[in-house]
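Each remark here refers to the structure printed beneath this line.
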Amino acid sequence: MKSSALPAILIAFLIAHSPATAATIVKDEEARAVIIVPEKPSPVVLNAARVLQAHIKQMSGAELPIRTEDKIKGDPSKDQAWILVGEGKLTEKFGLSSKGLGAGGIFLSAKDNVLAIFGSDTATDPFGTRYAVTTFLEDKLGVRYLWPGELGKVVPQHLTITIADFQHRFTPKLAQRRIRSMGYHDRLQVGLDNLGFTKADYEKMQADARRTQVDSPDWFGWQRLGGTLNMNGGHAFGHLWAKYGKDHPDWFALQHDGSRDQSKSPDRARLCVSNAELIAAVAKEKIEELNKNPNLLGVSIGPNDGGRAAFCTCPKCEALDSAKGRKVLLWDFSKGTRRDFEHVSLTDRMVSFWIAIAEKVAKVHPDRFLVVDAYSVYAAPPVERKLHPNLVVRFAPLAYSDEDYRQESMREWDAWSKAAKRIYFRPNLMLAGRRDGMPLLYVHKFGKDFRYLADHSMMGTDFDSCCHNWATQGLNYYVVARLHWNPEQDVDGIVDDFCQAGFGSAAKSVRRYFDGLEALMDEAAIKKEKATTVFNAKALAKLRRELEQARQEAGNNRIVAKRITFLETGLRWTEIEVAAHAFLADPAKADKAAAKKILDERFAFMQRSFRETPLALNVAYISWGEDGLWSRLGWKRPNP
């Protein structure tokens, strides 16, 4: 008698090709699901549920009710699917758990008529459920947040929404994913004064421009930036001159004129890092800081940055430098004008200072850390000294304006990551173009480098800073943020998705526009030239043709046309900047009347951009950054 069983290969084929079950949550604009949160939801979970509800309503017109699980009776059905947001009794009932996920981890699943969306909401990364919701909205419903404000938001329209069975678990590799968002500060006020605006004007314009139609995390929160290493970094000694300068002047750096005076820039005072009394005082302060903050894992002993004061020239400090150190340029203002001179790297002297502090602090707090900086003239790795195990390194080098410097920075990361048990990335590379707003794109190089850093000891990040030049550098911001969530993502895929989601039928032309910008940046880096020199008339004309073609391809799509106009604002700014900087090549021979004409146009453009497209360019910051240049051409700012 022949067996009636189906062959195994046929069974496998039928399983593989059988239709997957799917939950319908909206049917022809009618709600077919309820969003269920735990009986006592946390503020994060409740906010995440509201974000989900608002976006589904925006795309479909249907408002899904939100209920706590104690108000739910019966079982899910085809007429009422359940969307479980946050972990509770119902997720446990269905055997769904965040167990095994790390900080910031997310769990998404759909099975029959039950969807689950939650995260690992830990103390060090409490927004896991929010990350899960934005991931769901992106991956399953096509929402994108390209830049802040409603114009940068892509919310597809779906009259019916069904979700096929799936499961997704993911924990971000980086414990801290931070891009600082530049806000109002004193430098910005200088630019506002120049342009004739007030702090209130700035804050209102920004708030209005960033507002979106429905409840949403801000752009940074949407991109799943978050988490914390629970360590304070930064310039640690801005208070020392005011506190100790009068009684202990010998604790501060000996200048080339024989003084130790730091009063011209007290908050950026240089220290005599070989001074044993200073070391003891700093160690005492750090012990007290840790005593007052028992939950804090680490505190900073990073040197002050900037200022006019020179590093210490006393024999004891000089003796701490390694003769084998890399050559760097130091500076001296003691005679009024700046004098640069060659010196060996100061890393070894700084490491000696840090070790001496760490040894004292570790006797009281053996399990806490001190954060130091690989930066400036102490960016090169140490030659003769080994780091104390309780030191955590913030690595600052890396930029894309000079290809040789980029390669040197990557080599230095290798050395520092081997020397330190703990290291994180604190670059200034997003400040590129902060003074001129130029479209300096570096997304492919960054993607390659960032993946390498993530695979070689990077604990997390702290980027300084998003300057909010969204019409010129927005693609940088977007790609950098996306890679923070998952450094393994393909950059081409991210850029293509950005173009397709935001520009539809014009995507290919917009992609060519971005590729053209990036190629010019690469050219400037190889040639070690300013961007304003490689963005010549021929290059700018080609870029404009791409956007004109994109506008034709957009047809009657009003939203896409507005997004292209947004990019054109950045291109027009670039054309004006290039024309203005051309006069600086030889100010003495420049046509002052022609220079005045372009600079007046530049000023008017900045005022108009501030009022009409405040997210396109941070014109107040640009005004602070470079308006001082134009006096060389005899230009005077018109009365605002």
Side-chain angles (χ1 to χ4, degrees), residues 124 175-176 178 227-240 243-244 251-253 267-305 311-312 317 320 345-382 384-397 412-413 415-427 457-462 464:
T124 58
Q176 176 174 293
R178 185 183 184 199
T228 178
L229 296 173
N230 199 24
M231 298 182 195
N232 289 341
H235 309 147
F237 306 123
H239 67 293
L240 290 186
K243 186 174 182 179
Y244 298 115
W251 291 7
F252 297 88
D267 59 329
R268 301 198 177 249
R270 303 290 185 198
L271 307 179
C272 180
V273 297
S274 62
N275 189 292
E277 290 184 348
L278 169 66
I279 290 168
V282 170
K284 181 180 178 181
E285 285 193 358
K286 295 304 158 182
I287 290 169
E288 291 173 352
E289 187 176 351
L290 290 168
N291 288 341
K292 292 177 182 178
N293 298 278
N295 295 323
L296 194 61
L297 192 57
V299 296
S300 176
I301 54 171
N304 297 334
D305 179 30
F311 290 92
C312 192
C317 284
L320 297 175
S345 165
L346 303 190
T347 303
D348 275 78
R349 77 161 67 174
M350 291 298 182
V351 171
S352 175
F353 177 59
W354 298 333
I355 290 171
I357 297 169
E359 287 174 345
K360 293 180 180 299
V361 174
K363 291 178 182 178
V364 181
H365 294 291
D367 298 325
R368 312 281 276 281
F369 301 98
L370 299 170
V371 182
V372 301
D373 293 339
Y375 184 49
S376 182
V377 293
Y378 38 93
E384 298 178 8
R385 290 176 174 80
K386 293 185 178 181
L387 296 180
H388 190 281
N390 287 17
L391 294 175
V392 178
V393 174
R394 296 194 319 164
F395 184 87
E412 289 179 350
W413 174 275
W416 278 105
S417 64
K418 292 174 183 175
K421 286 189 174 182
R422 296 168 183 84
I423 184 169
Y424 68 100
F425 192 31
R426 212 298 282 159
S457 304
M458 179 166 60
M459 302 168 61
T461 68
D462 179 10
D464 186 13

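Looking at heavy atoms from C-beta onward, Leu320 lies in side-chain contact with Ser274 at the 4.5 angstrom threshold. For the pair Asn304/Leu240, no side-chain contact is recorded, criterion being any heavy-atom separation below 4.5 Å from C-beta on. Between Trp413 and Ile423 the shortest side-chain heavy-atom distance falls below 4.5 Å. Residues Tyr424 and Val371 are in side-chain contact: their nearest non-hydrogen atoms beyond the backbone lie under 4.5 Å apart. Looking at Thr461 and Gln176, their side chains never come closer than 4.5 Å, going by heavy atoms from C-beta outward. Between Val299 and Leu290 the shortest side-chain heavy-atom distance falls below 4.5 Å. Looking only at side-chain heavy atoms (C-beta outward), Cys317 and Cys272 come within less than 4.5 Å of each other.
By the ring-ring contact (aromatic ring centres under 6.0 Å, His included) test, Phe425 is found to be paired with Phe463, residues two or more places apart in sequence or in another chain being considered. With sequence neighbours left out, the salt bridge (Lys or Arg N to Asp or Glu O under 4.0 Å) criterion links Arg268 to no other residue. Take Phe353 and apply the ring-ring contact (aromatic ring centres under 6.0 Å, His included) test, not counting sequence neighbours, and it matches no residue. Every residue meeting the side-chain hydrogen bond (donor to acceptor under 3.5 Å, both in side chains) condition with Arg426, not counting sequence neighbours, appears here in chain and number order: Asn428. Considering only residues two or more places apart in sequence or on other chains, Ser345 meets the side-chain hydrogen bond (donor to acceptor under 3.5 Å, both in side chains) condition with Thr347. Taking Asn390 as the reference, Ala362, Phe369, His388 meet the side chain to side chain contact (heavy atoms under 4.5 Å, CB included) condition, with sequence neighbours excluded. Under the rule for a side-chain hydrogen bond (donor to acceptor under 3.5 Å, both in side chains), Glu359 has no partner lying at least two apart in sequence or in another chain. Applying the ring-ring contact (aromatic ring centres under 6.0 Å, His included) rule to Trp354 yields no partners; only residues at least two apart in sequence or on another chain are considered. Applying the side chain to side chain contact (heavy atoms under 4.5 Å, CB included) criterion to Ala374, with sequence neighbours excluded, gives Val393, Phe395, Trp416. Checked against ring-ring contact (aromatic ring centres under 6.0 Å, His included), Tyr375 has no partners two or more places apart in sequence or in another chain.
Between the side chain of Ser352 and the backbone N or O of Asp348, no donor-acceptor pair lies under 3.5 Å. In this structure a side-chain-to-backbone donor-acceptor pair under 3.5 Å is present from Asn275 to Leu278. Judged by distance alone, with hydrogens and angles left aside, the side-chain atoms of Arg349 form no donor-acceptor pair with the main-chain N or O of Tyr378 at under 3.5 Å.
Distance CG/Leu271 to SG/Cys312: 9.0 Å, rounded to 0.5 Å. To the nearest 0.5 Å, atom NZ of residue Lys418 and atom OG of residue Ser457 are 9.5 Å apart. Of the inter-residue distances, the one linking Leu370 atom CG with Leu391 atom CG reads 6.0 Å to the nearest 0.5 angstrom. Rounded to the nearest 0.5 Å, atoms OG1 (Thr124) and CG (Asn230) are 8.0 Å apart. In this structure, CG in Leu296 is found 8.5 Å from OG1 in Thr228, a value given to the nearest 0.5 Å. Leu297 CG to Leu229 CG: the interatomic distance, rounded to the nearest 0.5 Å, is 8.5 Å.
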Check against side chain to side chain contact (heavy atoms under 4.5 Å, CB included), Met459 and Met231: CA-CA 12 Å; Met459 302 168 61; Met231 298 182 195; 4.2 Å; yes
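In plain terms, the two heavy atoms of Val361 and Ala283 that are nearest each other are CG2-O, 3.9 Å. For Ser300 against Lys286, the heavy-atom pair with the smallest separation is O-NZ, 2.8 Å.
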Can you give the donor-acceptor pairs under 3.5 Å from side chains of residues 232-239 to other protein atoms, not counting sequence neighbours?
from	atom 1	to	atom 2	distance (Å)
His239	NE2	Glu285	OE1	2.9
His239	NE2	Glu285	OE2	3.4

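Among residues at least two apart or in separate chains, salt bridge (Lys or Arg N to Asp or Glu O under 4.0 Å) pairs with a member in residues 360-376 are Asp373-Arg394.
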